[in-house]
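Just so you know, ligand 1 is whichever comes first in the structure, and atom 1 is the first atom listed for that ligand.
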Amino acid sequence: MKNMYDCYTLNNGVKNPCLGYGTYKAADGKSADIIEMAIEAGYRYFDTASFYGTEEYLAEAIRRSGVPRKEFFITSKAWKTQMGYENVKKAFRQSLEMLETDYLDLYLIHWPLPEEGYEDWKQLDKETWKGLEELYEEGKVRAIGVSNFLPHHIDNLLEDCRVRPAVDQIEFHPGYTQEMTVRYCQEKGILVQAWSPIGRRALLDNEMLQEMAGRYGVSVAQLCIRYAIQRGVVPLPKSSAMERMKQNQDVFGFEIEEEDMYRLGTIPQTGWSGQHPDTGSIRGSER
Ligand code: A2P
């Protein structure tokens with residue numbers, strides 16, 4: 001990968017750029033300004049979700065930019081309350097409307113369980129997936145996948161799917177690399193994408209990472225983003241400032257040595273969000 005427009009090829013032949021912009025909380029002020037700034041900063045790959053409340057602001061920012069729709073790669077996701085065969089098709093139509101577009105590049109099931117302890121998740125996931133398969137076969141979405149799925153959740157879909165998931169988007173950063181899931185996906189030809197690739201304050205303040213970043217002449221954020229890229233994982237960093245938006249793209253001019261890759265992959269758990277697909281949110285764990 002030479003720059004953020006270079007792509008991985010998904011298991012259905014669709015090209016997925018190697019670095020994108022995460023829009024979660026990018027419209028907290030209820031405005032398209034930050035996303036518009038991200039377009040100005042050069043981002044064309046935007047990750048959103050119905051749950052984020054940023055779809056309409058992404059649409060507005062794209063409209064204002066004048067850049068043609070086809071130059072963008074847009075991912076959205078069906079929220080926990082939008083699962084089920086009919087529900088997910090309705091959710092998809094709503095996302096298209098909010099995004100003012102007639103197709104998506106990628107559509108994901110946001111979480112495998114609608115709530116902690118939900119017993120019939122296997123059936124619900126299969127029915128939701130069937131809805132996604134139909135949207136895909138009708139040509140309304142170029143690729144379909146999942147988010148926050150662990151190997152046992154994906155295994156369930158693989159049992160009788162017609163279309164294999166192309167992507168699994170998970171929390172991934174030094175201090176929470178989910179090795180089991182990454183290895184499982186990579187062996188099965190499922191591209192892993194990273195939400196929160198920079199982790200949180202605990203990671204930015206980590207002395208070992210600061211020392212290592214210093215040696216490479218980059219910031220801890222850049223080190224984390226580069227780490228994902230070298231693992232074949234697609235980082236989707238968020239930022240609300242032009243300077244950091246640009247800094248986060250400037251990760252192709254250095255290479256992390258193997259020894260340091262091992263170090264980054266083996267630091268004790270740091271910066272975990274506290275969210276786990278099977279147990280829900282464990283608050284107060286790190287923050
Ligand atoms: P800000 O919006 O002020 O830039 P992640 O995508 O891993 O969840 O991280 C998002 C957080 O990291 C945001 O709080 C963002 O703050 C911060 N951030 C993003 N890029 C950088 C950077 N290059 N250096 C320091 N902090 C960053």
Side-chain angles (χ1 to χ4, degrees), residues 3-4 17-43 45-49 51-54 57-58 61 75-77 108 110-111 147-148 168-178 182 192-231 233-254 256 264-265 267 269-276 281 283 285-287:
N3 61 56
M4 70 169 171
C18 69
L19 193 164
Y21 177 86
T23 66
Y24 182 50
K25 295 196 171 160
D28 266 5
K30 296 276 172 254
S31 113
D33 293 354
I34 290 175
I35 301 177
E36 197 179 5
M37 198 196 292
I39 297 175
E40 257 174 62
Y43 288 103
Y45 172 10
F46 287 88
D47 183 85
T48 183
F51 178 72
Y52 299 169
T54 50
Y57 300 106
L58 175 56
T75 305
S76 194
K77 313 182 192 84
L108 311 177
H110 208 140
W111 290 90
S147 181
N148 302 300
D168 188 11
Q169 185 181 123
I170 57 174
E171 178 174 358
F172 174 94
H173 50 76
Y176 200 66
T177 53
Q178 305 211 56
V182 170
V192 179
Q193 302 180 340
W195 61 263
S196 264
I198 306 169
R200 335 206 112 55
R201 200 75 248 164
L203 208 56
L204 292 171
D205 292 343
N206 181 288
E207 276 181 26
M208 198 269 273
L209 265 67
Q210 285 176 347
E211 180 277 324
M212 195 185 291
R215 269 198 282 120
Y216 289 97
V218 298
S219 69
V220 171
Q222 286 171 307
L223 187 72
C224 293
I225 294 168
R226 178 72 203 177
Y227 175 74
I229 290 170
Q230 286 186 218
R231 291 292 310 272
V233 170
V234 177
L236 300 165
K238 305 183 283 287
S239 180
S240 53
M242 178 59 98
E243 189 197 336
R244 292 189 289 281
M245 285 177 184
K246 288 195 170 154
Q247 188 197 107
N248 295 347
Q249 304 167 9
D250 184 14
V251 293
F252 298 92
F254 71 106
I256 306 170
L264 290 171
I267 64 168
Q269 184 171 294
T270 310
W272 178 42
S273 67
Q275 288 178 280
H276 187 279
S281 185
R283 292 190 200 287
S285 56
E286 299 241 7
R287 285 171 282 177

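- In this view, H110 and Y52, W79 satisfy the ring pair (Phe, Tyr, Trp, His ring centres under 6.0 Å) rule, not counting sequence neighbours.
- Relative orientation of the W111 and W195 rings is perpendicular, given thresholds of 30° and 60° on the angle between their planes.
- Looking only at protein heavy atoms, the nearest one to atom 20 (N) of ligand 1 is N248 ND2, 2.9 Å.
- The closest approach between G199 and ligand 1 falls below 4.0 Å for a heavy atom of the residue.
- Inclusion of R244 in the set of residues having an N or O under 3.5 Å from an N or O of ligand 1 is warranted.
- Distance remark: protein heavy atom not present below 4.0 angstrom from atom 14 (O) of ligand 1.
- Relative orientation of the H173 and Y176 rings is tilted, given thresholds of 30° and 60° on the angle between their planes.
- Looking at S219 next to ligand 1, no N or O pair under 3.5 Å apart turns up.
- With a heavy-atom cut-off of 4.0 Å, S239 touches ligand 1 through backbone and side chain alike.
- Residue S240 holds the heavy atom nearest to atom 2 (O) of ligand 1 of all those in S273, S240, A228, A241.
- The distance from the OG1 atom of T54 to the CG atom of D47 is 8.5 Å, given to the nearest 0.5 Å.
- Contact annotation: for P197 versus ligand 1, heavy atoms closer than 4.0 Å belong to both the backbone and the side chain.
- Contact check for F51 versus K77: no side-chain heavy atoms found under the 4.5 Å cut-off.
- At the top of the distance list for atom 17 (C) of ligand 1, counting protein heavy atoms only, stands K238 O, 4.3 Å.
- Checked against salt bridge (charged side-chain N to carboxylate O under 4.0 Å, His left out), E207 has no partners two or more places apart in sequence or in another chain.
- Proximity annotation for atom 23 (N) of ligand 1: of K25, Q247, H173, Q247 comes nearest, heavy atoms only.
- In terms of N/O distances under 3.5 Å, ligand 1 is approached by I198.
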